Amino acid sequence: MKIDSKLCMAPSTDTMSTDIAYVGQVAFRATPERLAKATGSAVVAGVQRLTGPVAALLRAGDIEGHHVAAADRWYRDYVLGVEGARDPEATSTGRAPDIHAGMLSRVAACGRHRDVGEALGLCAEVRLRLLLIEELSFSAIAARLMPKDVNGRKKIAAQMIFLLEQLAEHYARLDQARRTARTRLPGSQQR
């Protein structure tokens, strides 16, 4: 996922699509402020990518692809529904022919984001924002949430793994309910 300074969403070609790059910068480089928050960076296809904590969990084998997909799904709903980003490719592909369709997409994303908040709670929302939006390291998150705990980094990493598992299960339940509802519609074939 890439977000430019005008809050535009575009799909990423990288396997870790929760990474952020600022399109408005010279030669697709992250701002110094953003680099100061990141734990590291890499240049992929000419675009500077920040390596975040989700990528670290994936590389360590603590989470799997469906966890990353769930994180990416939440991230897209947050950026579109809460931040109000727009997809620059939508108008050229015909997916969002006018402002009304774009607003309906934003309302749907906001509703999906709210549903996750209701299912997982406020603490999950706070941790997801720190993990996916701010892309803070586990040490930085521990410094914010449990500043006096010596083992805070390990506890935060474990919490994030558990949270991503809950998020993936939540989306799996939603997808299953949607498939079930589709098969019950009049005129649909029973399988």
Side-chain angles (χ1 to χ4, degrees), residues 1-25 28 30-31 34 45 47 49-50 52 54-55 63-136 160 163-191:
M1 172 79 58
K2 294 186 266 186
I3 302 176
D4 70 7
S5 57
K6 296 178 186 172
L7 286 179
C8 292
M9 246 183 357
S12 174
T13 57
D14 193 10
T15 57
M16 185 62 218
S17 59
T18 57
D19 296 337
I20 296 177
Y22 289 90
V23 179
Q25 301 295 318
F28 301 106
T31 62
R34 188 75 181 119
V47 178
R49 300 279 184 194
L50 303 175
V54 174
I63 61 172
E64 297 173 3
H66 66 281
H67 299 110
V68 175
D72 186 49
R73 197 167 164 180
W74 182 89
Y75 177 81
R76 287 177 180 268
D77 284 341
Y78 179 86
V79 170
L80 180 60
V82 176
E83 298 291 329
R86 60 184 172 81
D87 189 352
E89 295 177 1
T91 54
S92 63
T93 60
R95 287 182 284 165
D98 59 9
I99 186 100
H100 303 294
M103 291 308 294
L104 290 173
S105 296
R106 183 174 181 191
V107 167
C110 192
R112 290 188 301 266
H113 177 262
R114 186 193 69 240
D115 291 343
V116 170
E118 289 174 358
L120 301 181
L122 179 63
C123 290
E125 171 78 16
V126 168
R127 282 162 176 74
L128 285 171
R129 284 185 186 188
L130 293 172
L131 180 72
L132 301 174
I133 302 302
E134 295 185 32
E135 285 190 325
L136 297 178
M160 295 306 177
L163 177 58
L164 290 174
E165 182 64 36
Q166 286 182 314
L167 188 63
E169 288 177 4
H170 172 74
Y171 284 131
R173 282 192 306 272
L174 286 180
D175 293 342
Q176 181 62 36
R178 187 179 307 132
R179 281 191 296 273
T180 304
R182 239 186 283 157
T183 59
R184 291 184 183 163
L185 290 174
S188 65
Q189 297 177 359
Q190 296 291 333
R191 295 182 186 191

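Just so you know, these numbers use all the heavy atoms, side chains as well, and skip hydrogens, waters and symmetry mates. From a predicted model like this one, the values you see are computed outputs, not experimental measurements.
Atoms CG and CD, from L128 and E134 in turn, are 12.0 Å apart once rounded to the nearest 0.5 Å. Rounded to the nearest 0.5 angstrom, E135 CD and L130 CG are separated by 11.5 Å. Put simply, NE2 on H170 and CZ on R112 are 10.5 Å apart, with the number rounded to the nearest 0.5 Å. One distance of note links CD1 of I133 with CD of E83; it measures 7.0 Å at 0.5 Å rounding.
Here the side chains of L164 and L131 are in contact, with some heavy-atom distance below 4.5 Å. Proximity of D77 to V116: side-chain heavy atoms (C-beta onward) are nowhere separated by under 4.5 Å.
Listed by chain and residue number, nothing satisfies the side-chain hydrogen bond (donor to acceptor under 3.5 Å, both in side chains) test with Q166 (two or more places apart in sequence, or in another chain). Residues forming a side-chain hydrogen bond (donor to acceptor under 3.5 Å, both in side chains) with H67 (at least two apart in sequence, or on another chain): E165. Not counting sequence neighbours, the partners of R127 by the side-chain hydrogen bond (donor to acceptor under 3.5 Å, both in side chains) test are Q159. Residues passing the side chain to side chain contact (heavy atoms under 4.5 Å, CB included) test with L104, sequence neighbours excluded: none. For R106, the salt bridge (Lys or Arg N to Asp or Glu O under 4.0 Å) criterion is met by no residue, not counting sequence neighbours. For R129, the salt bridge (Lys or Arg N to Asp or Glu O under 4.0 Å) partners at least two apart in sequence or on another chain are E125. With sequence neighbours left out, the side-chain hydrogen bond (donor to acceptor under 3.5 Å, both in side chains) criterion links R173 to no other residue. Residues meeting the ring-ring contact (aromatic ring centres under 6.0 Å, His included) test with H113, sequence neighbours left out: W74, Y78.
Taking all atoms of both residues into account, the shortest heavy-atom contact from A124 to L163 is CB-CD1, 3.4 Å. For the pair A109 and G81, the tightest heavy-atom approach, listed with the atom from each and the gap, is CB-N, 3.8 Å.
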Tell me, with the steps shown, if R178 and D175 meet salt bridge (Lys or Arg N to Asp or Glu O under 4.0 Å). CA-CA 5 Å; R178 187 179 307 132; D175 293 342; 3.4 Å; yes
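Looking at R76 and D72, a side-chain N of the basic residue comes within less than 4.0 Å of a carboxylate O on the acidic one, giving a salt bridge.
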